Structures are given as C-alpha cells and as structure tokens.
Amino acid sequence: MTNRIRVLAAATFAIIGVGATATIAQDLPAPVQARQGQFQIMALNVGILGGMARGNAEYDATAAQTAADNLVAISMLDQSFHWPEGTDNMALDGTRALPAIWENLPDVVEKWGAFGAAAEGLAAVAGTGLEPMQAALGPLGATCGSCHDAYRAPQ
Amino acid sequence: MRRLIVIALVLGLATLAAGLIATRPSFVHGTELAGLTGDAGAGEAVFWAAGCASCHAAEGATDAARLVLAGGQRFASDFGTFVAPNISTDPVHGIGDWTLAQFVTALQNGISPEGRHYYPAFPYTAYRLAERQDLADLWAFWQTLPASDTPSLPHEVGFPFSIRRAVGAWNLLNLSDEFVVAGDLTEQQARGRYLSEALAHCAECHTPRDALGGLDRSAWMTGAPNPSGSGTIPALTPDRLRWSEADIAAYLNDGFTPDFDSAGGHMVSVIRNMAMLPEADRLAIAAYLKALPSDE
C-alpha cells in the first residue's frame with residue numbers, strides 16, 4: 001500500500017470513526033451518561049488538587065478544601081441507578097465498564113467505599129497545607145487505580 | 001521414481017535436522033557470568049522497571065503483596081490462555097533453587113533449566129536486551145523476596161501451539177539483539193529506550209502483532225488491540241500521544257492523565273511499578289517516547 005493510499009484510508013476511517021462516536025455518545029443510555037458525567041466531575045475536582053500537587057498551580061487552601069469536599073459529596077451519591085445490567089463494554093460501544101463489575105458487585109461496592117474513605121481523609125487536611133494535601137491525594141489516586149485495574153478496559 | 005522418493009526423504013530429513021538444530025534450546029553458562037556480583041539494592045530498581053510483579057503477583061495485589069510472586073494470573077490470547085507461574089523463591093514450587101546462569105537463560109533466551117521453551121507471553125524477547133549486570137543485581141534482590149508454596153498451574157494452550165519446540169522457530173523470526181529505535185539519541189533518551197525496550201517491555205501491549213503473534217517492529221508503539229481482554233491499547237508515538245514530557249512522567253507516577261482521568265486495566269499495575277522508580281527514569285521514558293518515529 002502506498003503512503004498516499006494509506007493516508008486516504010486512514011482519513012476515511014477517521015471520518016467514519018468520528019461520525020460513529022458522535023452517534024454512539026448520543027445513543028448511550030441515560031444511566032451511562034450519568035455515571036460518565038459523575039466521573040468527569042470527579043476528574044475536574046481531582047484536577048484542581050492534582051494541579052497543585054504536581055506544582056502546575058499554586059496551592060490555594062480554599063480551592064483545595066472545596067475540591068476535596070466535592071469529592072466527599074460525590075462519594076456519598078448512591079450508585080444504584082448508574083449501573084443497570086447490560087451497560088458493560090460488551091453490550092455497548094462508548095463505555096469502558098467491564099462485565100466483571102456485575103460479576104463482582106460486592107467487591108465493586110467495597111472499592112467505591114474505599115474511595116469515599118480516602119476522600120474524607122483528603123478533606124480532613126486539604127485546606128491545611130500543600131504537603132498534607134499531597135500526602136492524602138496519593139491514597140485517593142490509589143483507590144481510582146484499584147477499581148480501574150479490575151473493572152475498566154484500557155481504552 | 002524410487003530415486004526421487006529417496007531424494008525427497010533425504011531432503012526432508014535434512015530439513016528436519018536443520019530445523020531441530022536451529023530451534024534447539026541455547027543456554028547461558030556460568031562461566032559467562034563469572035565476573036558479575038549482584039547488588040540487591042540496585043536490583044530492586046530493576047525489579048520494578050522490569051514489571052515482574054505485574055504478571056507474577058496475585059491479581060490486583062498492592063504494596064507488600066506485590067513481592068509475593070506466586071503466579072496464577074491468567075492471560076487470554078489468540079493462542080490460548082497463559083497462566084503466570086510461581087517464580088517466588090520457593091525451591092519446589094518457585095525458582096528458589098536456580099542458579100544465576102539458569103535465571104539469565106530464562107530471561108534472555110526464553111529457556112527453562114530443563115531446556116523447554118517458554119511461551120513468549122513471558123517477555124524474554126525484551127529482557128534479551130538487558131545488561132547482565134542488571135540481571136545479576138535483580139537475582140540478588142530476588143533472594144530477599146518471600147517464598148510461596150502455591151503450585152504453578154498449566155497453561156491452557158491447544159494444538160498446535162502446545163508444541164513447545166515451535167517456539168524455537170518463532171524465536172528465529174522474533175528474537176533480536178538490536179533496539180528498535182536507532183539513530184543518535186541523547187543520554188536521557190537512551191536511558192529511556194533501555195527502560196522501555198529492554199526492561200518495562202511497553203511494546204508487548206502498545207505495538208501491534210503479526211499473524212504469528214510477533215511484534216510488528218515497523219509499527220512500534222502505534223497502539224494495538226488489547227492482547228488479553230477487551231478494549232484497545234493506545235499509541236505512544238508523539239503524533240498520537242500529545243502530552244508533554246512532564247505530563248507523561250507525572251502520569252507514570254500518580255496514574256492521572258493531564259485532564260485527571262485515571263489509568264485503566266493492566267496499566268494501573270504498570271504505574272504501580274513506575275512509581276517506584278526515580279523521577280529521572282520516568283522523565284527518561286517520556287523523552288524516549290518523544291523520540292519514537294511517528295505513526296503514518
């Protein structure tokens with residue numbers, strides 16, 4: 001295959017791909033959209049803290065406390081309606097949720113609880129200084145990883 | 001006619017003999033390693049960089065449990081399901097009674113002490129490029145690890161892939177003593193190349209494979225279907241992974257993307273390893289990724 005044909009083919013796939021993704025995002029069931037929105041709010045707030053922890057933004061005690069409090073609030077949202085059966089990545093395009101979630105629900109619930117505990121630990125110190133906040137952010141990140149390790153597809 | 005049959009038979013036998021010779025197991029001998037003294041402290045960094053725990057510790061293990069290399073994780077593939085063996089220091093169920101030469105033979109030639117070919121789910125194809133001093137250090141660190149008496153489970157691999165000798169032929173096609181990324185590299189990029197290509201074996205997931213399961217070295221790190229499970233593994237070439245070097249190094253440490261999404265799948269475990277390395281090594285990997293040829 002010449003390079004030109006390869007580029008053309010790639011461009012064609014890219015266009016089809018973008019079209020398909022747009023359709024899929026629109027068609028995702030409301031609970032999937034809701035949980036993805038939940039994790040986006042989570043990422044936004046982790047990002048406030050992570051930016052400070054990485055030294056990309058100056059430490060701001062009020063903002064750090066607010067972000068940590070938001071994470072606690074998210075952890076308290078009851079998850080019953082976000083995860084109906086049949087919304088895994090085998091059933092739907094546009095989600096990375098693995099079927100294993102529904103095969104191991106008690107473990108998933110325990111891991112969600114661990115996120116809540118880490119968020120509370122973070123909220124207890126986030127406003128008191130950069131170093132304590134950094135120290136408490138690590139364990140919170142570990143709770144993201146421990147769930148995603150088992151229950152989220154790579155991409 | 002009879003003469004033709006004889007010639008065909010002779011040729012066939014010669015080919016078979018040549019094949020058996022070409023695919024025979026090759027051992028590293030103790031004399032080749034006589035000058036090496038392992039340093040366990042230095043070996044710990046090699047252990048994390050080489051990612052041993054990601055496959056050989058129990059599924060989802062964290063902290064001290066990652067040092068218990070009892071095996072048991074399952075890796076589905078097109079060729080069957082591979083089950084990570086016990087490589088702890090237990091002399092019966094693990095590899096506690098091995099010599100350094102047997103350890104290096106396993107890591108760099110893919111050959112067991114009994115002369116069996118390992119399946120290339122075990123990345124000896126990458127470790128082949130490792131410095132032997134690093135492997136001696138790693139073996140010294142190994143001696144500090146706990147023993148587990150969990151028996152290894154057999155791989156679930158059907159015919160014809162169950163013929164181990166065929167791996168010898170596969171090795172003829174896929175074992176290389178050269179790094180993939182060539183040309184002038186800075187010292188930092190070269191360190192990153194060593195970490196990525198020889199130890200961390202990033203390409204095992206991030207590079208597509210050919211029909212026989214060999215890495216497509218012409219499409220290095222351009223992303224691939226997940227070799228073991230669903231989803232795809234993203235490309236790392238600079239045209240596709242547009243994060244800054246600082247962002248890449250930070251991700252390898254705390255697991256957060258630049259927009260603070262977090263890693264999924266096996267990469268979570270990889271980051272647990274990478275977080276144990278010095279910051280300079282994470283930055284070196286980032287510098288190497290920026291030196292990759294783009295995906296066209």
Side-chain angles (χ1 to χ4, degrees), chain A residues 1-7 9-10 17 36 39-56 67 71 88-100 104 107 110-111 114-115 134 137-155, chain B residues 54 57-63 65-66 73-74 205-206 218-219 222-236 239-241 244 246-275 279 282 294-296:
Chain A
M1 210 189 278
T2 68
N3 268 344
R4 181 172 296 179
I5 294 177
R6 220 176 265 204
V7 169
Q36 291 180 347
F39 287 114
Q40 282 166 14
I41 298 172
M42 200 190 277
L44 184 66
N45 284 280
V46 171
I48 300 292
L49 297 157
M52 296 178 198
R54 286 183 181 181
N56 298 338
L71 292 172
D88 56 73
N89 73 333
M90 295 294 165
L92 297 172
D93 280 333
T95 173
R96 289 160 65 188
L98 293 172
N104 304 282
D107 183 53
E110 190 185 314
K111 288 187 158 78
F115 159 67
Q134 282 171 320
L137 186 60
L140 182 104
T143 66
C144 304
S146 84
C147 201
H148 289 164
D149 187 357
Y151 299 119
R152 190 185 201 194
Q155 204 180 61
Chain B
S54 289
E59 181 90 53
T62 55
D63 306 317
R66 306 192 77 225
Q73 278 193 59
R74 297 167 61 82
C205 292
H206 287 278
S218 69
T222 58
N226 186 355
S228 194
S230 58
T232 56
I233 310 290
L236 303 182
D239 57 322
R240 306 272 295 278
L241 180 67
S244 72
D247 281 342
I248 294 170
Y251 171 77
L252 293 174
N253 184 40
D254 63 21
F256 289 117
T257 67
D259 51 5
F260 289 89
D261 192 355
S262 84
H266 202 60
M267 193 63 199
V268 173
S269 177
V270 174
I271 288 167
R272 288 188 190 121
N273 301 330
M274 295 291 132
E279 178 69 5
R282 288 187 290 272
S294 285
D295 176 22
E296 308 186 83

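By convention in this document, chain letters (A, B, ...) are assigned in the order of the sequence lines, proteins followed by strands, and residues within each chain are numbered from 1. Predicted, not measured: the structure shown is a model, and the values here were computed from it.
Proximity of B:His206 to A:Pro154: side-chain heavy atoms (C-beta onward) are nowhere separated by under 4.5 Å. Residues B:His266 and A:Asp149 are not in side-chain contact: their nearest non-hydrogen atoms beyond the backbone lie 4.5 Å or more apart. In this structure, B:Phe260 and A:Leu44 have side chains that are not in contact, with every pair of non-hydrogen atoms separated by 4.5 Å or more.
Neither the backbone nor the side chain of A:Met42 comes within less than 4.5 Å of any heavy atom in chain B. Residue B:Asp259 touches chain A through its backbone alone, counting heavy-atom pairs closer than 4.5 Å. For B:Ser262, the parts sitting under 4.5 Å from any heavy atom of chain A are the backbone and the side chain alike.
Environment of CD in A:Glu110: sparse, with no more than 12 heavy atoms of neighbouring residues, nucleotides or ligands closer than 6.0 Å.
Chain A forms more heavy-atom pairs under 4.5 Å with one residue of B:Gly60, B:Gly255, B:Ala263 than with any other, namely B:Ala263. Top candidate by heavy-atom pairs under 4.5 Å with chain A, chosen from B:Gly223, B:Cys205, B:Pro234, is B:Pro234. The most heavy-atom pairs under 4.5 Å with chain A, out of B:Asn253, B:Ile271, B:Val268, come from B:Val268.
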Item to check | From CA spacing to verdict: side chain to side chain contact (heavy atoms under 4.5 Å, CB included), A:Arg54, B:Asp254 | outcome: CA-CA 10 Å; A:Arg54 286 183 181 181; B:Asp254 63 21; 2.8 Å; yes
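Checked by atom type and distance alone, the side chain of A:Arg96 never pairs as donor or acceptor with a backbone atom of B:Gly265 at under 3.5 Å.
Here the CZ atom belonging to B:Phe256 is positioned 9.5 Å from the CG atom belonging to A:Leu49, to the nearest 0.5 angstrom.
Here B:Tyr251 pairs with B:Trp243 under the ring pair (Phe, Tyr, Trp, His ring centres under 6.0 Å) rule; sequence neighbours left out.
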